Amino acid sequence: MQIRGKAYWTKLDKPVANYNKTKKILKDGQPDGWGDEWSIEIANLSADTKKALKKEGLLGLVKNKLDEREDFITFRLATEKRDGTPNDAPKVVDEQEKVWDWDTRGKIGNDSDVAVKFNVWKNPGNNKSSAFIVAVKVLNHVPYEAEDNGTDYEDPDNWGDLDDDVPFD
C-alpha cells in the first residue's frame with residue numbers, strides 16, 4: 001500500500017533506538033521492544049487516505065495531537081526481525097526515483113512532501129494490523145534544520161568551584 005502526506009520526525013538516514021513500549025520483560029531478562037528502528041510520521045492525511053487506512057485495519061494507528069500535523073500515522077521498521085536476522089533499510093528515493101544521497105541532499109526535514117510504500121501485517125492471534133515501511137519517495141524536499149532554542153551551554157570545565165553542600169548521590 002502507498003500513501004502521501006507531509007513527513008515529520010524522519011529517521012531514515014540511520015536507525016535510532018526505540019523504547020520499551022510494552023514495559024514487558026522477556027524470558028531472557030531483556031526488555032521487550034528495545035532495539036534500533038527506522039521511522040517516519042506521515043501527517044496531514046486526506047479523507048481518502050484515512051479511508052484506505054481504515055480498509056486495511058490501520059485507522060486505529062492514526063493520531064492527532066492538535067498541532068500542525070493534524071491527523072498522522074507513524075511507520076516504523078526494526079533493524080532486526082524477532083529471530084535476530086536483519087531487516088533491509090527502507091529504500092529512500094527522490095522524485096526521479098534515484099536513490100536518496102544523504103551526504104549531498106541531507107536529512108528529510110519536517111513538512112517535506114513524501115509518498116510512503118508500506119506492507120500491512122495482520123496478527124492472526126488478535127486480528128490487529130501493523131504497518132512496516134518499505135520505501136519512501138521524497139516529492140518535495142524541505143531540508144532538515146535543527147531547532148534553535150536559544151540555549152547556550154557552557155563548558156562544565158569553566159563552571160569554577162561547585163557548592164560542596166549540594167549532594168550528588
Side-chain angles (χ1 to χ4, degrees), residues 1-27 30-102 105-144:
M1 182 171 182
Q2 180 175 311
I3 64 170
R4 288 183 63 166
K6 299 284 188 179
Y8 283 86
W9 299 100
T10 304
K11 293 166 184 70
L12 298 172
D13 56 320
K14 61 181 177 180
V16 296
N18 69 8
Y19 57 94
N20 185 356
K21 300 170 195 75
T22 61
K23 307 271 192 263
K24 291 188 332 193
I25 301 296
L26 300 176
K27 290 179 185 175
Q30 295 299 311
D32 182 25
W34 285 103
D36 292 336
E37 66 185 10
W38 297 278
S39 64
I40 185 171
E41 286 182 6
I42 305 301
N44 306 110
L45 303 176
S46 70
D48 288 339
T49 297
K50 289 186 278 187
K51 283 180 191 173
L53 291 171
K54 182 178 181 178
K55 183 177 177 184
E56 293 294 333
L58 298 172
L59 193 58
L61 299 178
V62 173
K63 308 286 185 234
N64 191 321
K65 303 281 184 168
L66 303 175
D67 59 13
E68 71 275 2
R69 296 173 294 173
E70 299 175 3
D71 291 329
F72 69 92
I73 186 169
T74 303
F75 295 99
R76 293 182 167 87
L77 179 65
T79 57
E80 292 183 354
K81 298 173 185 166
R82 289 192 183 263
D83 65 5
T85 59
N87 273 322
D88 292 330
K91 184 177 181 180
V92 180
V93 297
D94 64 15
E95 57 278 356
Q96 282 85 38
E97 306 273 337
K98 293 181 183 171
V99 174
W100 192 262
D101 185 345
W102 297 103
R105 303 288 301 265
K107 293 181 180 183
I108 300 167
N110 290 348
D111 228 19
S112 294
D113 288 315
V114 296
V116 176
K117 184 176 181 180
F118 59 94
N119 289 331
V120 178
W121 180 77
K122 292 190 187 230
N123 184 332
N126 61 14
N127 208 28
K128 287 189 176 183
S129 297
S130 299
F132 302 96
I133 314 166
V134 174
V136 174
K137 184 176 187 179
V138 181
L139 304 170
N140 182 26
H141 180 233
V142 174
Y144 169 81

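These numbers were taken from a predicted model, which means no experiment stands behind them. Below, all heavy atoms of this structure are taken into account, side chains as well, without hydrogens, waters or symmetry copies.
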Next item on the list: Return yes when atom CZ of Arg4 has more than 12 non-hydrogen atoms of other residues, nucleotides or ligands closer than 6.0 Å, and no otherwise.
Entry: no
Notebook entry, point to check: Is the count of non-hydrogen atoms from other residues, nucleotides or ligands lying under 6.0 Å from Lys54 atom NZ greater than 12?
Noted result: no
Is the side chain of [X] donor-acceptor paired with the backbone N or O of [Y] at a distance under 3.5 Å, no angle test?
X	Y	result
Asn44	Glu68	yes
Ser112	Ala7	no
Asn123	Lys128	no

Contact summary for [X] and [Y], nearest pair of heavy atoms:
X	Y	value
Asn64	Leu66	OD1-N, 2.7 Å
Ser129	Val120	CB-CG1, 4.1 Å
Asn87	Ala78	ND2-O, 2.8 Å
Ile133	Pro90	CG2-CB, 3.5 Å
Ala131	Leu58	CB-CD1, 4.0 Å
Lys11	Val16	CD-CG2, 3.4 Å

Note to self: Salt bridge check, Asp67 against Arg69: does any charged N sit closer than 4.0 Å to a carboxylate O?
What the structure shows: yes
Next item on the list: Identify whether the distance between the nearest side-chain nitrogen and carboxylate oxygen of Lys137 and Asp94 falls below 4.0 Å.
Entry: no
[atom1] of [X] to [atom2] of [Y]: how many Å apart, nearest 0.5 Å?
X	Y	atom1	atom2	value
Lys65	Phe72	NZ	CZ	5.5 Å
Asp36	Thr79	CG	OG1	5.0 Å
Glu41	Asn110	CD	CG	8.5 Å

Item checked: Qualifying residue, where the test is side-chain contact (heavy atoms from CB on, under 4.5 Å) with Val114 and the options are Asn140, Ile3, Val136, Leu139 -> Val136
Checklist line | Member of Val142, Ile40, Asp13, Thr10 meeting the side-chain contact (heavy atoms from CB on, under 4.5 Å) criterion with Ile108 | finding: Thr10
Checklist line | Reference residue Phe75; test ring-ring contact (aromatic ring centres under 6.0 Å, His included); the match among Phe118, Trp9, Trp38, Phe132 | finding: Phe118
Notebook entry, point to check: What residues form a side chain to side chain donor-acceptor pair (under 3.5 Å) with Thr49, not counting sequence neighbours?
Noted result: Ser46
Next item on the list: Report yes or no: do Tyr8 and Asp111 form a side-chain donor-acceptor pair below 3.5 Å?
Entry: yes
Next item on the list: Assess whether salt bridge (Lys or Arg N to Asp or Glu O under 4.0 Å) is satisfied between Asp113 and Lys6, documenting all intermediate values.
Entry: CA-CA 5 Å; Asp113 288 315; Lys6 299 284 188 179; 3.0 Å; yes
